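Note: hydrogens, waters and symmetry copies are ignored here, and every other heavy atom, side chains too, is used. This one's a predicted model, so the numbers in the text were calculated from it and none came from an experiment. Residues: numbered from 1 along the sequence shown. Each ligand, and each atom within it, is numbered from 1 in the order the structure gives.
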Amino acid sequence: MILQGRLLINPHQTPQPGWVRIEDRQIAELGQGNPPETPVAGDADSLICPGFIDAHIHLPQIDAVGCDPPCGDGLLEWLHRIVFPAEMRWQDADVAQEQAGIAYRRMLRAGTLGYAGFLTSHFHSVTSVIRAGHRLPLRAIAGQVLMDRGAAEPLLHHRLARLANSKRGRIAMSVNPRFAVGCSDELLSLAKVRASDGAFVQTHLAESRRECELVAELFPDDPHYTAVYDRHGLLTDRTLLAHCVHLADDEWRLIAERRSVVVHCPTANTFLQSGLFNLDAAREHGVRLALGSDVAAGPDLAMPRVARAMIEVAKMQVMTRKAAAKPHVPTPAEAWDIITRGNADALSWSDSGRLEVGAAADLLVLRVGFDLDDYLIGRLIYTWRDEYITHRVVDGRLIEIERV
Ligand code: GUN
Ligand code: ZN
């Protein structure tokens, strides 16, 4: 199968006319100029780029976007009022099945062809997502939520899917202790055992101030929040830590040392008024960085809009910070690089998120109504609409959106 279009190989350079040959679910060949045979999709005015990767999303919250409680008191109140009721609906296996399918279709529509995410604590949340993956083989790292306190009984840890550490199709099962507020020491120990064969660990860290205060009360012997996870051996280079808005220097250093990934979720941090992420601290400490939609705290499923939010949050800090040293504002090309290649690297997918021979064929064909000039990536990020996508190739197959 051949696709034709300008090849967005490197977002820092103007894409040149070319074509992609796909064979055996991989990019088999990249060529310049006119294609050797009639393309299946695209033409000389199209753009071809890797599909987006979302490094943090909650599938069961797909229909809870925008639920902004009046007089909202931030993360913890929102969890109780909006999120836990939404996740309770997954108690019904049919609902879980239907919603997993909806989440998959919406990600596909938005151009997200790979993700790392959270399910619910229900055993069948795992089978639901495996079924969704049979129909639509998005590349994924997904895990059943682990929590044993601080929510209604049906949401607490009962039976951990025995599949936890295995791979089903393109879905690698991860271990997802929700956050330290919701996990006892016993459950965090179990998480370590379950992840000991190399499964990814996904969790939340230091998202809101109130959450940090609660963790200090619940774990009085630990010097800080990050140390709670570290004491249980949960910080490795296969750990994804969402948010990290309120970290002290010691915590940044520890995360850098462990080579864990910090997942910046700028749209969610604004929605819940959790705080302004310190991108410079992450850069200065050499911490591995990824970007996540964090739906439903984040209202945007489309990763180019999450990239835009990262840039805008950094610009807000430039405008409001009094200190002489101004924060670095990521360029559109840097931001685009994160939602494709950078997020793939963070998830240890060295063969995803890039236009390269041998990479997985998870690609988008775009048709945009503006010049493919020096400002291309900025124009894409700031005007992004899902309608720019004319074709989606998932695992080497062209997928019609109506069919899934
Ligand atoms: N912290 C613990 N659980 C959650 C969740 O579902 N969403 C967000 N944004 N933060 C959390
Ligand atoms: Zn989250």
Seminar exercise, completed: protein heavy-atom neighbour closest to atom 10 (N) of ligand 1 works out as Glu207 OE1, 2.6 Å
Exercise. Parallel, tilted or perpendicular: which describes the rings of Trp336 and Phe52, with under 30° parallel and over 60° perpendicular?
Worked result: perpendicular
Problem set entry | Heteroatom N/O/S of His58 within less than 2.8 Å of the Zn ion (ligand 2) | yes
Exercise. Going through the distances and angles, do Arg367 and Asp43 end up as a salt bridge (charged side-chain N to carboxylate O under 4.0 Å, His left out)?
Worked result: CA-CA 9 Å; Arg367 177 61 85 97; Asp43 57 28; 2.4 Å; yes
Exercise. How close does the nearest protein non-hydrogen atom get to atom 6 (O) of ligand 1, and which residue and atom is it?
Worked result: Arg178 NH2, 2.7 Å
For this session: Using only heavy-atom distances, determine whether the side chains of Asp337 and His12 contain a donor-acceptor pair under 3.5 Å.
Result: no
Seminar exercise, completed: Taking every heavy atom of Lys326 against every heavy atom of Val318, the minimum-distance pair comes out as NZ-O, 3.3 Å
For this session: Return the orientation label for the Tyr115 and Tyr104 ring planes: parallel under 30°, perpendicular over 60°, tilted otherwise.
Result: perpendicular
For this session: Starting from atom 9 (N) of ligand 1, locate the nearest protein heavy atom and write down its residue, its atom name and how far away it is, to 0.1 Å.
Result: Asp294 OD2, 2.7 Å
For this session: Please confirm if an N, O or S atom belonging to His204, backbone or side chain, lies less than 2.8 Å from the Zn ion (ligand 2).
Result: yes
For this session: May I ask you to check whether Trp78 has an N/O atom sitting below 3.5 Å from an N/O atom of ligand 1?
Result: no
For this session: Could you tell me which atoms of ligand 1, counted from 1 in the order shown, lie closer than 4.0 angstrom to a heavy atom of His243?
Result: 9 (N)
For this session: Would you kindly specify which portion of Glu211 sits under 4.0 Å from ligand 1, judged on non-hydrogen atoms: side chain, backbone, both or neither?
Result: neither
Exercise. Any idea which atoms of ligand 1 are less than 4.0 Å away from a heavy-atom of Ala297?
Worked result: 9 (N)
Exercise. Going by atom types only, do Arg305 and Thr267 share a side-chain donor-acceptor pair under 3.5 Å?
Worked result: no
For this session: Would you mind naming the N, O or S atom of Asp294 nearest to the Zn ion (ligand 2)?
Result: OD1
Problem set entry | Test item: side-chain donor near acceptor, Thr112 and Asp54, under 3.5 Å | no
Problem set entry | Nitrogen or oxygen atoms of Gln61 and ligand 1 under 3.5 Å apart | yes
